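So the structure is just underneath, and the comments pick up after that.
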There are 2 protein chains.
Amino acid sequence: MSSRTPIEPRRRRGSTQPTLKEVAEAAGVSTITASRALNTPELVSEAARTRVLQAVEQIGYVPNLVAGSLASARSRFIAVIVPSLANAVFIEVIQGLQETFEAQGYQILLGNTDYDLRREYQMIRTFFGWSCSALVTAGLRHSPACRTLLEGWDQPIMEVMELGDALDLNVGLDHQEAGRCMARHLLERGHRAIAYVGAGMGDDYRAGLRFEGHREVLEGQGFTAPCLDIGRPGGLDGGARGLDLALERHPGITAIHFANDDLAAGALLHAQRLGLDVPGQIAIAGFNGLPLGRHVTPRLTTILSPRATIGRVAAEEVLRRLAGKPVRRRQHDVGFTLLEGEST
Amino acid sequence: MSSRTPIEPRRRRGSTQPTLKEVAEAAGVSTITASRALNTPELVSEAARTRVLQAVEQIGYVPNLVAGSLASARSRFIAVIVPSLANAVFIEVIQGLQETFEAQGYQILLGNTDYDLRREYQMIRTFFGWSCSALVTAGLRHSPACRTLLEGWDQPIMEVMELGDALDLNVGLDHQEAGRCMARHLLERGHRAIAYVGAGMGDDYRAGLRFEGHREVLEGQGFTAPCLDIGRPGGLDGGARGLDLALERHPGITAIHFANDDLAAGALLHAQRLGLDVPGQIAIAGFNGLPLGRHVTPRLTTILSPRATIGRVAAEEVLRRLAGKPVRRRQHDVGFTLLEGEST
DNA sequence: CTGAAAGCGCTAACAC
DNA sequence: GTGTTAGCGCTTTCAG
């Protein structure tokens with residue numbers, strides 16, 4: 001007789017949650033049949049299926065998704081990484097993603113980097129640890145470590161917002177072209193001394209890309225393109241600050257091209273308080289096409305970016321890839337529209 | 001010789017991801033020591049720890065959190081359920097939650113019910129399948145099935161936004177009292193014919209609670225309290241619609257108490273377009289204290305709700321409970337502040 | 001401080 | 001259509 005007498009097998013389980021095995025026993029089938037009845041019902045006879053479903057109902061079984069994911073080596077998680085939640089733009093992209101993914105039974109794992117590329121790397125590492133089915137991240141810029149990590153990953157990667165040299169899939173718009181578009185519009189309206197004002201453009205480099213386009217057009221016509229960065233936070237307060245600062249630094253300007261609508265609307269409302277005529281004394285333009293721009297007087301001239309569309313299209317392409325279907329285009333330009341208000 | 005000759009044991013693993021076992025081998029320790037070196041480093045000798053960490057770095061090991069969660073029967077997920085992402089209020093609560101939880105290594109699983117209680121039930125079921133450490137949900141109202149499910153759960157449940165008869169933990173403010181507060185303010189300013197205007201108050205029942213408080217005060221003083229629901233979506237457009245409708249239905253009113261700042265700001269900007277004097281011809285009040293209210297002219301009278309605080313405090317209480325510390329209060333009133341603008 | 005063994009609850013692979 | 005078996009990669013348990 002051995003000295004080792006395991007009278008009772010070691011037990012660990014504390015949770016009283018019913019398991020699939022118990023469901024199977026109650027239904028008089030094997031666990032795999034119970035599993036199939038829930039996941040691939042078409043592979044199971046109707047009789048078995050009904051009995052399993054009844055047992056589930058009666059026992060109050062809730063599938064353990066953690067166990068399922070481990071066994072199948074894939075979770076129905078989609079990692080989504082954005083630089084900010086304070087910006088309505090990303091919220092709308094997230095909404096577009098969420099609606100589309102949730103309808104297919106995927107759950108979003110949301111990460112907010114606060115415009116910090118190191119945080120992006122950390123988050124992606126963590127998310128990969130959850131065996132995500134895909135990754136959707138805002139932007140094309142990543143730290144070198146992050147890039148290495150991403151290149152070694154074998155699931156779909158979707159980079160959204162701007163277009164360019166993407167790792168895998170890419171949905172967005174051409175920010176430089178948007179900048180050019182607005183600069184041309186301002187020139188058409190007769191403006192010659194135009195300042196560009198952004199908030200934290202080092203981090204929000206898409207605002208920088210728009211400025212590049214803006215500058216290209218202005219300098220191409222022989223004008224200067226002064227640029228002001230008021231730092232973060234931006235928002236309506238930032239817009240007010242930006243207006244004051246631009247008028248102080250560049251007294252001769254007749255128009256300000258703001259990096260986004262929050263800033264532009266803040267400036268416009270501030271001009272109202274100051275008794276400045278818009279666009280008579282100073283013209284104001286924005287970017288994004290937020291609803292607020294349609295409600296201020298004068299209405300804000302801006303560029304409508306199809307944010308919800310970015311989310312929806314990105315999700316659709318990722319789902320297509322996950323379903324094994326060929327992806328129509330690796331790159332998808334959702335475009336933009338100039339919205340002419342009376343503020344320019 | 002048996003007919004069954006499994007030349008090679010069945011292999012399933014497709015993923016080439018390095019595992020903890022490989023790290024352990026490279027470091028010359030057992031897997032459990034490698035595990036401890038990563039999770040409870042204080043239980044491991046410094047020599048072993050360094051070798052494991054080196055191996056991790058070299059191999060590029062990313063912990064499989066799914067496997068870890070299954071083995072330990074708990075994940076570092078916090079389920080967070082909100083009725084809408086279109087509303088800045090919930091975004092700010094989520095931000096407060098996220099900052100606090102992420103700092104402790106918890107990941108939020110975000111669910112959006114779109115004001116549908118059945119979806120809440122479904123989401124909670126799914127989230128429980130992920131072995132969440134806690135649940136944070138907006139509101140005290142749940143479907144009966146959901147309530148049963150929640151009552152049988154053994155992890156912390158935090159209900160946020162309004163105060164009341166909670167299942168477990170509760171952080172929020174008294175919406176009826178907020179409604180009373182604004183009604184009193186309007187009476188003080190001399191208004192007697194006041195309409196309350198909301199959007200989709202059947203779903204957004206907290207707006208309904210505020211109306212109850214509002215009505216109580218007005219009727220207590222012998223005035224009527226007409227209420228208008230313009231349906232969803234609300235937003236700035238809804239506010240404009242609400243102003244038109246209220247003036248049409250109740251031509252004698254001198255003030256409108258809107259259910260939130262989006263509506264109120266929309267009405268205020270619309271009044272500006274119509275050339276209506278605010279508050280001379282019509283006074284406008286809101287709820288939430290969004291930044292926009294400080295930027296319009298006249299500034300919006302509203303009630304500041306401490307949204308980020310709700311998120312932060314809720315997260316802190318949950319973390320305290322998860323750490324096994326006694327919770328100071330099951331219920332936490334974060335209060336509110338009347339912000340007097342010039343719109344009333 | 002370290003390790004061997006035994007699962008966590010489920011699904012992939014194969015066999016019938 | 002159904003069942004058996006063998007894991008998924010990690011952590012718990014128990015024994016040094």
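Chain naming here is simple, since letters A, B, ... match the order of the sequence lines and numbering starts at 1 in each. Only a predicted model underlies this, so the values are computations on that prediction, with no experimental measurement involved.
Here D/dG9 is the nucleotide among C/dG9, D/dG3, D/dG9 with the atom lying nearest to any side-chain atom of B/Ala67. When the nucleotides D/dG9, C/dC10, D/dG3 are ranked by their closest atom to the side chain of A/Ser30, D/dG3 comes out on top. Considering only side-chain atoms of A/Ala71, the nucleotide from D/dG7, D/dG9, C/dT2 that sits closest is D/dG7. Residue B/Ser35 has its side chain nearest to D/dT11 when only C/dC10, C/dC8, D/dT11 are considered. Which of C/dT2, D/dT12, D/dC8 sits closest to the side chain of B/Ala48 comes down to C/dT2.
Between the CG atom of B/Asn64 and the C1' atom of C/dC8 there is a distance of 13 Å, given to the nearest Å. Regarding B/Tyr61, its OH atom lies at a distance of 8 Å from the C1' atom of D/dG9, rounded to whole Å. When rounded to the nearest whole Å, the span between CG of B/Leu43 and C1' of D/dT13 equals 15 Å. Distance, B/Phe128 CZ to C/dG9 P: 17 Å, rounded to whole Å. C/dC10 atom C1' lies 15 Å from atom CD of A/Glu25, rounded to whole Å. Here C/dT11 presents its P atom at 12 Å from CG of B/Leu70, a figure rounded to the nearest Å. D/dC10 atom C1' lies 15 Å from atom CD of B/Gln17, rounded to whole Å. Here the C1' atom of nucleotide D/dT2 and the CZ atom of A/Arg49 are 14 Å apart, to the nearest Å.
Contact between the side-chain N/O atoms of A/Asn39 and the OP1/OP2 oxygens of C/dT11 is found at a separation under 4.0 Å. One finds no side-chain N or O of A/Thr33 lying less than 4.0 angstrom from the OP1 or OP2 phosphate oxygen of D/dT2. In this structure, A/Ser72 does not reach the C/dA12 phosphate: none of its side-chain N or O atoms is under 4.0 Å from OP1 or OP2. Residue B/Ser45 has a polar side-chain atom (N or O) positioned under 4.0 Å from OP1 or OP2 of C/dT2.
A pairwise comparison of heavy atoms in B/Asn112 and B/Met123 identifies O-CE, 3.1 Å as the closest pair.
Residue order along DNA chain D, read from the 5' end via each residue's closest nucleotide, puts A/Glu42 first among A/Glu42 and A/Ile32. Mapped onto DNA chain C by nearest heavy atom, A/Arg74 and A/Val66 fall at different nucleotides, with A/Val66 at the one closer to the 5' end.
One finds no salt bridge joining A/Glu317 and A/Arg321 here, because no Lys/Arg side-chain nitrogen approaches an Asp/Glu carboxylate oxygen to under 4.0 Å.
Atom CZ of B/Arg76 sits in a crowded spot, with more than 12 heavy atoms from other residues, nucleotides or ligands closer than 6.0 Å. Residue A/Arg118 qualifies as open at atom CZ: its count of foreign heavy atoms under 6.0 Å is 12 or below.
Evaluation of atom-type donor-acceptor distances gives a pair under 3.5 Å for the side chain of A/Arg36 against the base of D/dG3.
Between A/Trp130 and B/Trp130, the ring-plane angle classifies as perpendicular under the 30° and 60° cut-offs.
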